[in-house]
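Written below as structure tokens is the structure these notes are about.
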Amino acid sequence: GQQVMQIPQYQHVQEGEDFTTYCNSSTTLSNIQWYKQRPGGHPVFLIQLVKSGEVKKQKRLTFQFGEAKKNSSLHITATQTTDVGTYFCAGEFGNEKLTFGTGTRLTIIP
Amino acid sequence: NAGVTQTPKFQVLKTGQSMTLQCAQDMNHNSMYWYRQDPGMGLRLIYYSASEGTTDKGEVPNGYNVSRLNKREFSLRLESAAPSQTSVYFCASRRTAGGGGTQYFGPGTRLTVL
């Protein structure tokens with residue numbers, strides 16, 4: 001079946017350090033989305049990437065979509081305590097549904 | 001706008017009991033989805049409805065049934081609950097199926113089956 005692999009599963013960083021999570025698919029994606037889920041909360045949409053090689057920035061967050069549209073990354077510069085949560089990628093394969101990665105849980109050491 | 005609402009927020013069932021999880025959206029979205037979330041497993045799609053009047057199986061449909069009651073409402077039914085169905089259940093909606101677009105999630109239902 002169509003799967004989206006995400007690594008790492010957990011990441012603990014000192015406040016101020018950078019953080020990166022990666023997603024990979026074995027087949028080409030039509031688009032990829034990123035969501036953030038705070039502890040005890042529900043997933044909230046962050047961004048969607050559609051074009052090959054696309055790079056988008058939201059303040060300290062940088063999102064990339066690979067040239068082959070099979071991988072993506074989220075990079076956070078200089079993490080803050082407000083960045084705590086689980087980050088999910090979700091790939092669309094041209095059908096009617098999203099396939100979510102397993103998520104990366106980010107914890108910040110103050 | 002309330003967005004996506006789910007009831008109940010918490011539920012404890014005994015093995016073999018049945019229940020229905022309710023979901024409603026007020027954004028006039030065509031597509032609605034039910035996911036379950038288990039530790040380390042991410043979000044797994046149970047069923048979805050691309051448009052009013054249609055439903056399709058997702059990745060983990062066994063033990064569940066759904067009803068797209070109208071454009072606003074999409075319910076998930078457990079006919080005979082099992083401990084393996086202990087999970088957090090999220091309903092989501094988006095404007096159209098396919099072609100990208102934000103999925104909006106409800107607050108979730110935390111279900112425990114004893």
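By convention in this document, chain letters (A, B, ...) are assigned in the order of the sequence lines, proteins followed by strands, and residues within each chain are numbered from 1.
The greatest number of non-hydrogen atom pairs below 4.5 Å with chain B, out of Pro43(A), Ala90(A), Gly103(A), is found for Pro43(A).
Under a hydrophobic-cluster definition in which Ile, Leu, Val, Met, Phe, Trp and Tyr are linked whenever side-chain heavy atoms come within less than 4.5 Å, directly or via other members, Leu21(B) and Tyr64(B) are assigned to the same cluster. Under the 4.5 Å side-chain heavy-atom criterion for Ile, Leu, Val, Met, Phe, Trp and Tyr, Phe100(A) and Tyr33(B) are members of the same hydrophobic cluster. Using a 4.5 Å cut-off between side-chain heavy atoms of Ile, Leu, Val, Met, Phe, Trp and Tyr, with links allowed through other members, Val88(B) and Val4(B) fall into different hydrophobic clusters. Linking ILVMFWY side-chain heavy atoms closer than 4.5 Å, directly or via other members, places Phe45(A) and Ile32(A) in two distinct hydrophobic clusters. In the hydrophobic cluster analysis, where Ile, Leu, Val, Met, Phe, Trp and Tyr join through side-chain heavy atoms closer than 4.5 angstrom, Trp34(B) is grouped together with Leu13(B).
Within the 4.5 angstrom heavy-atom criterion, atoms from both the backbone and the side chain of Leu43(B) approach chain A. For Arg110(B), the part lying near chain A is the side chain, with the backbone staying farther off; criterion is any non-hydrogen pair under 4.5 Å. Heavy atoms closer than 4.5 Å to chain B are found nowhere in Phe93(A), neither backbone nor side chain. With a 4.5 Å cut-off on non-hydrogen atoms, Tyr104(B) does not touch chain A at all.
Between atom OH of residue Tyr48(B) and atom CG of residue Leu98(A) there is a gap of 11.0 Å, rounded to the nearest 0.5 Å. Considering CZ of Arg94(B) and NZ of Lys97(A), their distance stands at 11.5 Å, rounded to 0.5 Å.
Remark: Arg68(B) CZ is packed, more than 12 non-hydrogen atoms of other residues, nucleotides or ligands lying under 6.0 Å away. No more than 12 heavy atoms of other residues, nucleotides or ligands sit less than 6.0 Å from atom CE of Met5(A).
The two residues Thr102(B) and Tyr35(A) have their closest heavy-atom pair at C-OH, 4.1 Å. Shown here for His42(A) and Phe105(B), the closest heavy-atom pair between the two residues is CD2-O, 3.5 Å.
At a cut-off of 3.5 Å, with distance as the only test, a side-chain donor of Gln37(A) or Gln37(B) sits close to an acceptor on the other residue.
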